[in-house]
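What follows is a set of notes on a single structure, which appears directly below.
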Number of protein chains: 2
Amino acid sequence: MSTTADLQRRAERITEDLRLVNDLAPVQRRVVKAGEVLYRPGQALDNVFLVSTGMFKSTTLSADGREKVIGFHPKGSWLGFEALAEGRHANEMVALDVAELVVLDYEALLESSARHPALMRLVHRAMSLEQARQRESLLAMGTLPADARVADFLFEWAEAMAAAGLRNDQLRLRMTRADIGSYLGLTIETVSRAFSRLQRHDLIRFDEPSRREIRIPHVDALARFVQQSASAAALH
Amino acid sequence: MSTTADLQRRAERITEDLRLVNDLAPVQRRVVKAGEVLYRPGQALDNVFLVSTGMFKSTTLSADGREKVIGFHPKGSWLGFEALAEGRHANEMVALDVAELVVLDYEALLESSARHPALMRLVHRAMSLEQARQRESLLAMGTLPADARVADFLFEWAEAMAAAGLRNDQLRLRMTRADIGSYLGLTIETVSRAFSRLQRHDLIRFDEPSRREIRIPHVDALARFVQQSASAAALH
DNA sequence: CGAACGGTTGAGAGAACTCAACTGAAGTGG
DNA sequence: CCACTTCAGTTGAGTTCTCTCAACCGTTCG
């Protein structure tokens with residue numbers, strides 16, 4: 001769990017990064033519609049992106065046809081770095097929302113960052129942050145039971161919202177239960193049941209009957225629930 | 001699965017990277033003993049490392065005390081980039097072997113890579129490759145049953161050995177069953193049973209009674225087994 | 001209006017986990 | 001040098017959790 005000061009600092013960093021990129025590198029802006037695909041696996045790397053509003057979903061595909069949602073990417077996320085290894089994109093990236101992006105030509109970004117150490121540091125930090133996000137996912141999938149995994153997902157999201165300077169007690173689920181299940185390594189039914197159980201424990205509330213709008217009465221309680229589930233499993 | 005040509009190219013790239021780093025950045029060399037800790041969570045980032053021989057294990061720790069093995073890092077791996085996000089290391093990194101490292105001062109690496117675009121690209125590619133490795137782990141943990149996860153682990157390792165220019169039909173398990181279980185999100189017992197079942201299907205062989213030395217009669221058969229397990233789960 | 005889709009819930013099956021016993025190897029100390 | 005302890009690993013039995021299969025509901029869309 002992060003302190004309020006941490007979240008404050010992260011929010012400032014996102015704003016500062018957006019400004020710095022604007023000042024030091026040649027950028028374009030782009031608006032995408034919900035459902036629009038930013039890039040697909042195999043596509044050559046030309047641009048990288050910085051999310052200024054909206055939310056994206058990344059999906060990966062193995063050689064033998066397995067598919068999995070790898071992450072959800074809110075404001076402040078960099079998109080496209082996964083392509084640097086091979087020069088071609090490894091993921092599919094889809095907008096879940098109307099979204100706004102800062103578009104950077106990768107080659108131009110390289111040049112700019114050679115001239116501006118601050119920009120190079122920023123890029124390195126962004127890549128490392130993406131690694132940290134994936135590490136969190138690995139940890140959750142490897143150590144938490146289903147209900148706690150869903151709770152952790154909501155909690156991490158709430159923190160990301162707060163870090164982006166947005167309200168974090170109210171989440172609009174832009175992705176389907178299938179997406180969440182794929183992301184967490186669970187089936188649709190298990191995700192659905194987990195939501196119901198969290199609701200029963202009053203850790204979340206559904207205001208609308210559509211069950212896509214989630215209110216989190218006590219964000220801390222979610223984190224406590226995750227912690228308890230983990231330590232229960234860790235005992236013995 | 002990768003083609004022989006792919007593996008060949010990856011092997012060449014590792015050699016070339018080691019040479020390039022040597023030529024373009026100020027480096028030191030370091031030998032560590034088995035069990036030696038390279039860095040711990042919270043420790044300030046000063047150096048990053050490139051593994052020239054041996055194998056490392058990285059472990060992460062959550063705020064609420066959950067612990068998990070995040071990866072195993074053979075020759076050609078870069079270590080320490082996970083610290084760029086916060087300026088402090090997020091993982092613990094331990095040598096499983098006597099190992100040899102190229103040590104680079106991070107600040108000096110930044111300076112050198114500002115002058116040498118090839119070096120900057122190399123560093124970006126290395127970070128992206130680490131991301132790809134974690135993505136593979138996520139995919140395996142999220143989509144494969146226990147036996148296939150263990151098989152996939154062995155297969156990926158065999159490929160990494162081949163990519164490092166080493167023989168890939170004979171693996172010496174330097175980590176414990178507990179490490180493997182933690183890495184794959186399974187218990188010790190499940191890992192042990194999975195090994196026994198793979199042995200029964202002649203996908204692996206134990207030459208020594210210690211069951212730490214694994215022979216893989218047909219590397220392709222392992223990949224096929226993973227694929228079959230996946231498609232069986234994906235049907236319907 | 002009917003079809004398609006996303007989501008929820010129940011019942012039963014199956015997979016992985018827990019608990020426990022046992023083995024062999026490696027240290028440790030008398 | 002040999003009991004004794006410790007540790008890694010294997011295997012069995014029973015339990016628990018998640019998945020599968022199926023029915024059902026509400027919304028959206030042609």
Side-chain angles (χ1 to χ4, degrees), chain A residues 34-35 57 66 68-69 96 140-153 172-200 204-214 228-236, chain B residues 34-35 57 66 68-69 96 140-153 172-200 204-214 228-236:
Chain A
K57 170 184 86 170
R66 285 171 286 143
K68 187 180 182 296
V69 172
L96 293 175
M141 293 208 2
T143 62
L144 295 177
D147 289 7
R149 246 183 265 182
V150 173
D152 185 65
F153 165 67
R172 165 143 218 98
L173 298 180
R174 291 152 173 95
M175 65 295 285
T176 64
R177 299 290 192 266
D179 285 338
I180 299 172
S182 172
Y183 177 57
L184 298 174
L186 302 169
T187 58
I188 300 181
E189 295 94 326
T190 302
V191 172
S192 182
R193 284 186 240 272
F195 275 123
S196 298
R197 279 189 288 262
L198 292 177
Q199 183 185 20
R200 227 167 287 147
I204 61 173
R205 287 178 198 163
F206 294 104
D207 292 338
E208 297 180 353
S210 78
R211 296 172 70 102
R212 280 232 164 180
E213 192 79 40
I214 289 189
Q228 280 168 13
S229 312
S231 50
L235 285 178
H236 310 294
Chain B
K57 170 184 85 170
R66 284 170 288 144
K68 187 179 181 301
V69 172
L96 293 174
M141 292 208 3
T143 61
L144 295 177
D147 289 8
R149 246 184 265 181
V150 173
D152 185 66
F153 164 68
R172 166 144 218 97
L173 297 180
R174 290 150 173 98
M175 66 294 286
T176 64
R177 298 291 192 265
D179 285 338
I180 299 172
S182 172
Y183 176 57
L184 298 174
L186 302 169
T187 58
I188 299 181
E189 295 94 326
T190 301
V191 173
S192 181
R193 283 186 241 271
F195 274 124
S196 296
R197 280 189 288 259
L198 292 177
Q199 183 185 21
R200 227 166 289 147
I204 61 173
R205 287 178 197 162
F206 294 105
D207 292 338
E208 296 181 353
S210 77
R211 296 172 68 102
R212 280 234 163 177
E213 192 79 40
I214 289 189
Q228 280 168 12
S229 312
S231 50
L235 286 177
H236 309 296

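Letters A, B, ... mirror the listed sequences (proteins, then strands); counts begin at 1.
Here the options are A:I188, A:V191, A:L186, the test is side-chain contact (heavy atoms from CB on, under 4.5 Å), and the partner is A:I180; only A:V191 passes.
Taking atom CZ of residue A:R149 and atom P of nucleotide C:dA16, one finds them 13 Å apart after rounding to whole Å. To the nearest angstrom, C1' of C:dA15 lies 11 Å from CG of B:L186. Look at CG on A:D179: it is 15 Å from P on C:dC5, rounded to the nearest Å. Nucleotide C:dA15 holds its C1' atom 14 Å from the CG atom of B:L144, rounded to whole Å. Between B:E213 atom CD and C:dA25 atom C1' the separation is 17 Å, expressed in whole Å.
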Between the protein and nucleotides 7-10 of chain D, list every N/O to N/O distance that falls short of 3.5 Å.
| from | atom 1 | to | atom 2 | distance (Å) |
| --- | --- | --- | --- | --- |
| D:dA8 | O3' | B:R212 | NH2 | 3.4 |
| D:dG9 | OP1 | B:R212 | NE | 3.3 |
| D:dG9 | OP1 | B:R212 | NH2 | 2.9 |
| D:dG9 | OP2 | B:R177 | N | 2.7 |
| D:dT10 | OP1 | B:R177 | NH2 | 3.0 |
| D:dT10 | OP1 | B:R211 | NE | 2.5 |
| D:dT10 | OP1 | B:R211 | NH2 | 3.4 |
| D:dT10 | OP2 | B:R177 | NE | 2.9 |
| D:dT10 | OP2 | B:S192 | OG | 2.6 |
| D:dT10 | O5' | B:S192 | OG | 2.9 |

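Of the side-chain N and O atoms in A:T187, one or more sit less than 4.0 angstrom from OP1 or OP2 of D:dC19.
When all heavy atoms of A:S196 and A:R211 are compared, the pair lying nearest together is OG-NH2, 3.3 Å. Contact record, A:K68 with B:G142: CE-CA, 3.9 Å, taken as the closest heavy-atom pair.
Counting heavy atoms from C-beta outward, B:T176 and B:R212 have side chains that approach closer than 4.5 Å.
Contact annotation for A:G185: backbone-only contact, meaning every heavy-atom pair under 4.0 Å involves sugar-phosphate atoms and none involves a base.
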Note to self: One pair to check against side chain to side chain contact (heavy atoms under 4.5 Å, CB included): B:L173 and B:F195. What are the steps and the verdict?
What the structure shows: CA-CA 12 Å; B:L173 297 180; B:F195 274 124; 4.0 Å; yes

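Along DNA chain D, the nucleotide closest to A:R197 and the one closest to A:P209 are compared, and the more 5′ of them pairs with A:R197.
Under a 3.5 Å cut-off, the side chain of B:R149 and the backbone N or O of B:L184 do form a donor-acceptor pair.
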